[in-house]
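Below you'll find the structure, written out as structure tokens, and then a few comments.
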Protein chains: 2
Amino acid sequence: MTTRKDIAERNDRALLQAARDVLAEDGAHASVAAIASRAGVGIGSLYRRYKTKEELFQRLSVLSLDHWNEAAERGLADPDPWAGLAAFVRSCVEFGQGSLSPIAGAVEVTREMSAKARHGDELLDELVRRAREAGVLRGDVTAVDISLLIEQLGRSPLVDQLRKQGRDDLLPAAAEARRRLVAIAIDGLRPGSRPLPGSPPGGELFTDRWSSPRQP
Amino acid sequence: MTTRKDIAERNDRALLQAARDVLAEDGAHASVAAIASRAGVGIGSLYRRYKTKEELFQRLSVLSLDHWNEAAERGLADPDPWAGLAAFVRSCVEFGQGSLSPIAGAVEVTREMSAKARHGDELLDELVRRAREAGVLRGDVTAVDISLLIEQLGRSPLVDQLRKQGRDDLLPAAAEARRRLVAIAIDGLRPGSRPLPGSPPGGELFTDRWSSPRQP
DNA sequence: TGATTGCGGAGCGAATCGCTCCGCTAAGGA
DNA sequence: TCCTTAGCGGAGCGATTCGCTCCGCAATCA
């Protein structure tokens with residue numbers, strides 16, 4: 001038997017996942033109608049849970065930060081420094097961290113969010129430091145590089161395109177191709193003799209993500 | 001002295017580059033007003049050159065396919081198989097091939113475009129075959145994987161976000177960080193003992209990109 | 001200098017936006 | 001079993017943004 005509460009919880013989860021999907025496809029222009037439709041939920045139901053579009057996006061941001069931190073903790077708990085780091089990256093990519101970059105500069109950043117972001121930075125720094133000391137990470141790869149890698153891999157243009165064309169039959173193949181791509185990119189982090197171009201990016205790029213002022 | 005013709009040509013180049021930039025940031029929702037504004041050109045001037053928005057996007061697609069094919073020819077001309085492949089990928093990423101995926105399924109695909117796309121597929125296949133036979137490419141990396149890698153790296157979320165926040169001072173650092181990221185991803189293509197997950201994607205995924213029917 | 005080219009942007013109708021409100025279905029209580 | 005009511009879906013609101021047209025005016029050519 002499905003109680004009211006069950007339906008509500010299922011709808012809420014569907015809404016959050018749909019919001020991530022639509023954000024990944026449409027970026028900052030993602031509309032609430034598209035999110036509700038993707039979730040298979042009426043617009044009215046969305047607005048009973050979230051007073052405004054911004055409130056939904058803030059909730060999404062907090063959940064995303066929580067996932068980042070939990071994944072980093074799990075990675076640190078792994079005795080193998082490389083396995084821990086790789087699992088962290090993979091988890092963040094699969095969660096869809098990268099799809100949130102369009103709203104990172106658009107939502108009001110609460111004190112809670114910037115505190116969690118700061119903590120997440122520290123955890124990633126530790127993951128990187130541990131992997132580098134163990135010699136399983138390219139010496140010139142920084143935490144900023146990994147953060148950007150996660151963001152860059154967050155979207156799946158091919159999956160988006162196929163879905164818009166209604167080629168649902170090819171979606172599994174596309175998802176698998178994407179998984180291979182992520183594996184390739186992660187392998188690029190392992191030690192190699194080829195130096196990366198340019199100087200390592202400073203911390204300013206990283207810590208600024210959730211704390212910089214909104215565009216007026 | 002700047003003649004009328006000079007101004008027209010400069011404007012046309014600015015429009016095409018602006019279109020790529022805005023497409024990378026806003027995806028399929030990119031507006032002509034945003035493109036013209038980014039190019040520093042009036043909307044009227046844009047519409048004298050291109051009758052409709054679709055015509056601009058088609059021109060962009062053809063230029064993109066041309067660049068792909070020329071970059072692949074240059075890569076094949078390089079006696080070093082790995083250097084040729086890496087230069088091809090880097091050139092396509094820098095050109096912004098990835099930013100066109102939102103319109104690939106939206107514009108009317110002409111016979112000319114699908115012919116060029118088919119030729120581009122053959123060139124990439126040859127680049128991959130050559131590199132693999134030379135032993136400078138992971139044995140389980142396919143042409144599809146490389147095509148997806150180019151598409152995935154085509155956007156630069158961090159640069160977009162910083163620009164929207166008006167942090168132009170950080171743009172050079174962000175661009176450099178992106179260059180490092182591309183280098184990391186390309187390095188992942190080199191031979192390694194770690195097998196990629198899943199089975200190699202079939203050609204259906206690849207050749208379908210510019211030839212599949214439009215969504216009704 | 002007069003003719004003319006072509007640039008920039010105000011403004012058009014149409015489409016889409018975020019959001020409100022309400023009829024109606026179906027779960028809960030007796 | 002039947003009434004109550006929680007809560008879902010979507011029509012429709014005003015505001016905004018869309019693609020695109022048209023024209024006044026500055027700058028170039030003859």
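Chain identifiers are assigned alphabetically (A, B, ...) following the order of the sequence lines, protein sequences preceding nucleic acid strands; residue numbering begins at 1 within each chain.
With salt bridges taken as basic N to acidic carboxylate O contacts below 4.0 Å, one links A/Arg38 and A/Glu25.
Put simply, the side chain of B/Asn11 reaches to within 4.5 Å of the side chain of B/Arg49, judged on heavy atoms. Between A/Leu60 and A/Leu23, the closest side-chain pair of non-hydrogen atoms falls below 4.5 Å. Using a 4.5 Å heavy-atom cutoff, the side chains of A/Asp26 and A/Ser31 are not in contact. Inter-residue side-chain proximity for A/Arg20 and A/Phe95 is flagged as met; some heavy-atom pair is nearer than 4.5 Å.
Atom CG of A/Asn11 is separated from atom C1' of C/dT25 by 15 Å (rounded to the nearest Å). A/Leu56 has its CG atom 10 Å from the P atom of C/dC19, to the nearest Å. In this structure, CZ of A/Phe57 is placed 14 Å from C1' of C/dC19, rounded to the nearest angstrom. For B/Asp12 and C/dG6, the CG to P distance is 13 Å, given to the nearest whole Å. Atom CZ of B/Arg10 is separated from atom P of C/dG6 by 15 Å (rounded to the nearest Å).
Here A/Phe88 and A/Trp68 bring their ring centres to under 6.0 angstrom of each other.
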Verdict with supporting geometry, A/Asp21 and A/Gln17, side chain to side chain donor-acceptor pair (under 3.5 Å)
CA-CA 6 Å; A/Asp21 290 345; A/Gln17 186 55 52; 3.2 Å; yes
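Proximity of residues 21-45 of chain B to DNA chain C (heavy atom under 4.0 angstrom from any strand atom) is restricted to B/Gly40, B/Val41, B/Gly42, B/Ile43, B/Gly44, B/Ser45. Near DNA chain C, meaning a heavy atom under 4.0 Å from it, residues 46-53 of chain A has A/Tyr47, A/Thr52, A/Lys53 in order of number.
Side-chain N/O atoms of A/Gln161 and B/Ser101 include no donor and acceptor closer than 3.5 Å.
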